[in-house]
Amino acid sequence: MYLTVSNATKLYGSFKALNDVSISIEDSEFVCLLGPSGCGKTSLLRIIAGLTGIDKGEVLLDGKSLLNVPARQRDFGIVFQSYSLFPNMTVAENIGYGLKVRKTPADKIASRVTELLNIIKLPQAANKLPGQLSGGQQQRVALARAIAVNPRVLLLDEPLSALDAQVRSELREEILQLQRSLGIPTLMVTHDQEEALALADKIICMNQGVVVQSGTPSELYHKPATRFVADFMGTSNLISTRKIRQVMPALLSTRPAGDDDLYDACIRPESIKLQCDIDGESIVKSIGFLGNLSKIKLDSPLGDLIVEIHGAIDLKENQKVSLDISASNCVWVINDVIGSST
Amino acid sequence: MSELSIKRLDGDKLLTIVCVVVPLIALTLFFIYPMFTVFLRSITLADGSLGFENYMQTLTSSGFWRATQHSILMGFTTMVFSLVLGFIIALGLHRCAFRGKWIIRIAIIMPLLAPSLVQALGLIFLLGRNGVINRVFGLDLDIYGFWGLTIANTLYAIPQVVMIIGASLVLLDARTYEAAEIMGAKPLRQFRDLTLPAIFFALLNAAFVVFIVTITDFGNAAVIGGDYSVLATEIYTQVVGLRNFNMGAVVGIMLLLPTVVSYYIERKAMQRQQGGVSGDIQAFVPSFTPRRDIPMAAACFFIAAMILAVVAIVVYASFVKLWPYNFDFTLKHFDITIAGGYSSLWITIAISLGAAVGGTFLIFILSLGLVRLPAAISQTIQVLAAMPAAVPGIVLGLAYILTFNSTSTPLYMLYGTATLIAVINFYHYHTQAFLTVMTGFRQFPTALEEASGSLGAGLGHTAIKVIAPFVSPMLVSVFFFLFMRSMVTLSAVVFLTTPQLDVAAVTIMRLDDAGLTSQAAAFSTCVMLVVCIALGIMKLILSVQSRRTRHSSKEIAS
C-alpha cells in the first residue's frame with residue numbers, strides 16, 4: 001500500500017461529507033474516485049492533498065503519517081477542473097514554478113520545461129500567457145506543471161469536466177499514456193463513469209460520504225455490489241426478488257439468503273437474449289437504432305426492460321418475444337436505494 | 001404594414017432620438033463647453049490673442065511653484081501613507097480570518113458620508129491648540145500645516161485605496177493559490193509571486209487616484225492647511241479672491257495631466273485582467289492562522305479606529321458645552337444663527353434632490369436611447385459620457401465659473417443659482433452614475449422587450465412598464481448616490497457659491513473660519529445625519545425590491 005486513508009471522517013457543521021472512509025492506492029496505480037456530486041469525493045481528494053483538515057482518521061504515505069505535513073511539503077502534483085494556471089506567468093514559468101520554488105538551477109529548469117512542453121505537444125507555447133491558450137491547451141500546461149517536480153502522487157480534480165467532448169477524449173488518452181509511462185500513483189476525481197472505466201486500474205465508487213464499492217472497472221461493471229453502483233455504472237435492469245420468483249425462479253439459484261427487500265436482481269441490457277415467439281409474453285415497445293447496436297424497450301412480465309443487441313436484428317415494434325437470461329448473468333445487488341424496489 | 005404600425009415605428013425612432021439628444025445637448029452644454037472654455041481661457045492672452053504666455057507666466061510665478069511643490073510633497077506623502085494603510089485593510093478584509101470585519105466596513109464608508117473637511121475638523125478637536133491631546137498632556141503641538149493636512153487627507157483617502165485594491169483581490173481564484181501551495185510555495189512566496197503581480201495595476205491606480213484626489217481636494221486644505229498653501233487653496237485665492245481667471249484656467253488644465261495618466265493605467269489594468277480571468281472564480285476563504293491574523297486584525301482595527309475617531313469626535317464635540325474644558329451635554333451649538341443659519345442645509349437638500357431627480361432621469365433616457373443605437377455611434381457617446389470622471393471637481397468648478405460668469409452668453413442667467421450647483425453636482429458624478437445604469441441595461445434581456453413590442457407596446461410604454469422596473473435597483477442606487485454626493489461635495493461647488501447662496505459644506509467651512517468650531521461640528525453632524533438617513537432609506541428600498549423580485553421569480557418557477 002503506497003498511500004492509504006483510513007477511517008476518514010469529515011464534518012461541515014452537522015453535515016458528514018465523509019463518514020469513516022478507507023481507501024488505498026498502490027505504487028503506479030491509477031485510481032478513480034467516482035460518484036455523484038456531493039458524495040464526498042472532492043473532500044477526500046482535498047484531504048489527501050492537505051488542502052482541507054480531517055476530523056477523524058489517518059492518511060499514510062509509504063507508512064508515514066501525512067496529517068502534520070502541510071500541503072506544500074507533501075511533494076504532490078495537482079490539476080484542477082478550472083486549469084488554475086498563474087495568469088501573470090508565461091507557460092514556461094508556470095511549468096517551472098515548482099522547480100523554482102525548490103531552488104533548482106535555472107538551466108535544469110529550462111531543460112525540464114522544454115522536455116515537458118514536448119511531451120504535452122505545445123513546444124511553441126513557452127512564452128505565451130495562459131489567457132492566450134484554449135481550454136484544452138491550458139489543461140495540458142496544468143498537467144505538465146503538476147508533473148514537473150516528479151510528484152509522489154498526482155491528484156486530478158475533475159480535470160476533463162470543463163472541456164468539450166472531442167478535446168476531452170483526446171486529453172483522456174494523453175493522461176492515460178503519461179500516467180502509464182511515468183508510473184506516478186494517480187488519484188482522479190470524476191463523476192463520469194465512462195472516464196473512470198477507460199482510465200482506472202481501480203475505481204472507488206462513493207455515495208453520500210461512504211465508499212460503496214471499490215475494485216477493477218470490470219468488477220464494478222459486472223459484479224456491482226449494490227443497486228447504486230449498478231445504476232451509476234452504465235445501464236441496468238433492476239428487478240425485485242418477488243418478480244423474479246414469480247417469473248424466472250431459476251435465477252434465484254445465485255441469490256444470497258436474505259429478506260426479499262434485501263437484494264434486487266441486476267441484469268445488464270446486453271445479457272438478455274430475445275427470441276421471436278408468437279406465444280412470447282413480452283412485447284417490443286420501441287427500437288432505438290444506434291448503428292452498431294440497437295436499444296430495445298420491452299414490456300415484459302418482469303416489468304419494463306431495456307435490451308441491447310449487437311449487429312443486425314430481425315424485430316419489429318409490437319412484436320411478441322420470449323426472453324432468455326442465464327443465471328450467471330443475473331447479479332444480486334444489495335438494495336441500498338430506499339423505496340425504489342419495483 | 002398598416003398605417004398605424006408605421007406611425008408607431010416612426011414614433012419609437014423619434015423617441016429614441018429624443019432620448020439620446022436631450023442628455024447629449026445637456027452634456028455638451030454643461031461639460032464639454034465649460035471644459036473647452038477653460039482650455040480656451042488658458043491660451044487667451046490679455047489682449048485677446050492666443051498663445052502660451054499664460055502658462056509661462058504661471059509657471060514662473062513663485063506663488064504657483066510654492067503651492068505646487070507643497071501639493072506634490074503633501075500628495076506624495078498622503079499617497080504613501082494611505083497606500084500602505086489601505087493595503088493592510090484590504091488584505092485584512094479579503095485575505096485574513098477574524099471577527100468584527102463589519103466595523104472596518106463601516107469605517108470605510110464613513111468618508112463617503114461626510115464632507116471632506118470633517119477629517120480636518122476632527123483632527124483639530126483631537127490635536128489642535130484646544131485639542132484633547134494638548135490639554136491633557138500639556139503639550140503645544142501645532143497641527144495646522146503639512147502634517148495636519150497629510151493626516152486628514154490620508155484618513156480621507158484610505159477607504160478609496162481599500163476599495164480599489166479590494167476589487168482586484170476578489171478577482172483572484174482560490175484554486176491558483178492551492179496549486180501554488182501544493183507546488184511547495186510558502187505563503188510569503190505566494191504573496192510575492194501571485195498576489196503582488198495581480199494587484200500591481202490596482203496599486204498603481206490607487207496611487208494615482210489618491211494623489212489626484214489629495215492635490216485637488218479643497219475641504220481639508222481650507223480647514224487645517226494653515227499657512228501651508230497648496231494648489232487647491234491657491235487656485236481659490238487667485239480666482240475667487242483676486243479674480244485672476246487666466247491663472248485659474250492654466251492650473252485647471254495642468255491638473256488634468258495626472259488624471260490622464262491614471263486613466264491610461266486603469267485601461268491597461270482592465271485589459272490585462274480580461275486576459276487572465278476565466279469565467280467562474282472560486283472565492284478565497286481564509287482559514288484562521290493566528291500568527292498572521294492576530295497582528296493583521298490588530299492593525300486593521302487600529303486604522304479603522306483612527307478613521308472612525310476623527311469623524312466620531314466631531315459628532316461628540318458638537319454636543320458638549322465647551323471643548324475641551326467642559327464636556328457637559330448641550331444642544332446650544334445646534335442653534336446656528338450666523339452664516340445664514342440652517343438655510344444652506346435646506347438649500348443643499350433641495351439642490352441634492354434636484355441633482356438626483358434630474359440626473360437619474362437624464363441618465364435613464366440616455367441609456368434607454370443608447371442601447372437602441374448602432375454600436376459605433378453608441379460607443380462614441382459612451383466614451384463621452386464616461387469622460388467627466390477624468391475631471392477633478394476643482395477643475396470642473398473652475399470651468400463653470402469661467403463659463404457661466406461671462407455675460408457673453410444667455411447661460412449667464414444660471415450663474416449664482418441653485419440650479420447651476422445641482423447641475424455641476426450631477427456632471428461631477430456623471431460617469432459613475434452612467435456606468436451603473438448602463439450595467440443594468442446590459443443585463444436586460446432583449447427578448448423581454450421584444451415580447452412587449454410584439455404585443456403592440458410602443459417604446460414609451462415598454463420603457464415605463466417593462467424596462468424601468470427591471471433597472472430600478474440601479475436607478476435607486478444612482479438616485480441616492482447623486483443625492484449623497486451632492487450633500488457633501490465641496491471642491492466643485494466652492495467656486496459657485498455666493499454670499500446669498502451657500503451650500504452646507506461651504507457653511508461648515510465659513511463657521512470654522514469664523515472660529516466657531518463647535519458650530520461647524522454641529523452643522524457637520526446635521527449633514528452626516530441627512531446622508532445617513534438617505535443611506536438607510538436606500539438600503540431599505542433595495543432590500544424590499546430584492547425581496548419582491550425573489551418572490552415573483554419564485555412564483556414563476558412554481
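Computed from a predicted model, the values in this text were never measured in an experiment. Letters go in sequence order (proteins before strands), and every chain restarts at 1. All heavy atoms count here, side chains included; hydrogens, waters and symmetry mates do not.
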Checklist entry - Applying a criterion of heavy atom separation less than 4.5 Å, what residues of residues 175-191 of chain A form contacts with chain B? => result none

Checklist outcome for this item: chain B shares the most heavy-atom pairs under 4.5 Å, among A:Q73, A:K100, A:R74, with A:K100

Checklist entry - What closest approach, in Å, do B:A179 and A:R145 show between heavy atoms, and which atom pair accounts for it? => result CB-NH2, 3.3 Å

Next on the checklist: Checking an interface table here. Which of residues 22-56 of chain A come within a heavy-atom distance under 4.5 Å of chain B?
Outcome noted: A:R46, A:A49, A:L51

Checklist entry - Just wondering, more than 12 heavy atoms not from B:F441 lying within 6.0 Å of its CZ? => result yes

Checklist entry - Of the backbone (N, CA, C, O) and the side chain (C-beta and beyond), which part of B:A180 lies under 4.5 Å from a heavy atom of chain A, both, or neither? => result both

Checklist entry - Is the closest side-chain heavy-atom distance between A:M89 and B:L194 below 4.5 Å? => result yes

Next on the checklist: Could you tell me if the side chain of B:F200 sits less than 4.5 Å from the side chain of A:N88, heavy atoms only?
Outcome noted: no

Item to check | Closest heavy-atom pair and its distance - B:G184, A:V101 | outcome: O-CG1, 3.1 Å

Checklist entry - Does the side chain of A:Y83 come within less than 4.5 Å of B:R175's, by heavy atoms? => result no

Checklist entry - Can you check whether B:P187's main-chain N or O pairs, donor with acceptor, with A:R72's side chain at less than 3.5 Å? => result no

Item to check | Atom CZ of B:F191 with >12 non-hydrogen neighbours under 6.0 angstrom | outcome: yes

Checklist entry - Passes side chain to side chain contact (heavy atoms under 4.5 Å, CB included), B:M183 versus A:F86? Steps please. => result CA-CA 12 Å; B:M183 292 172 83; A:F86 308 130; 4.0 Å; yes

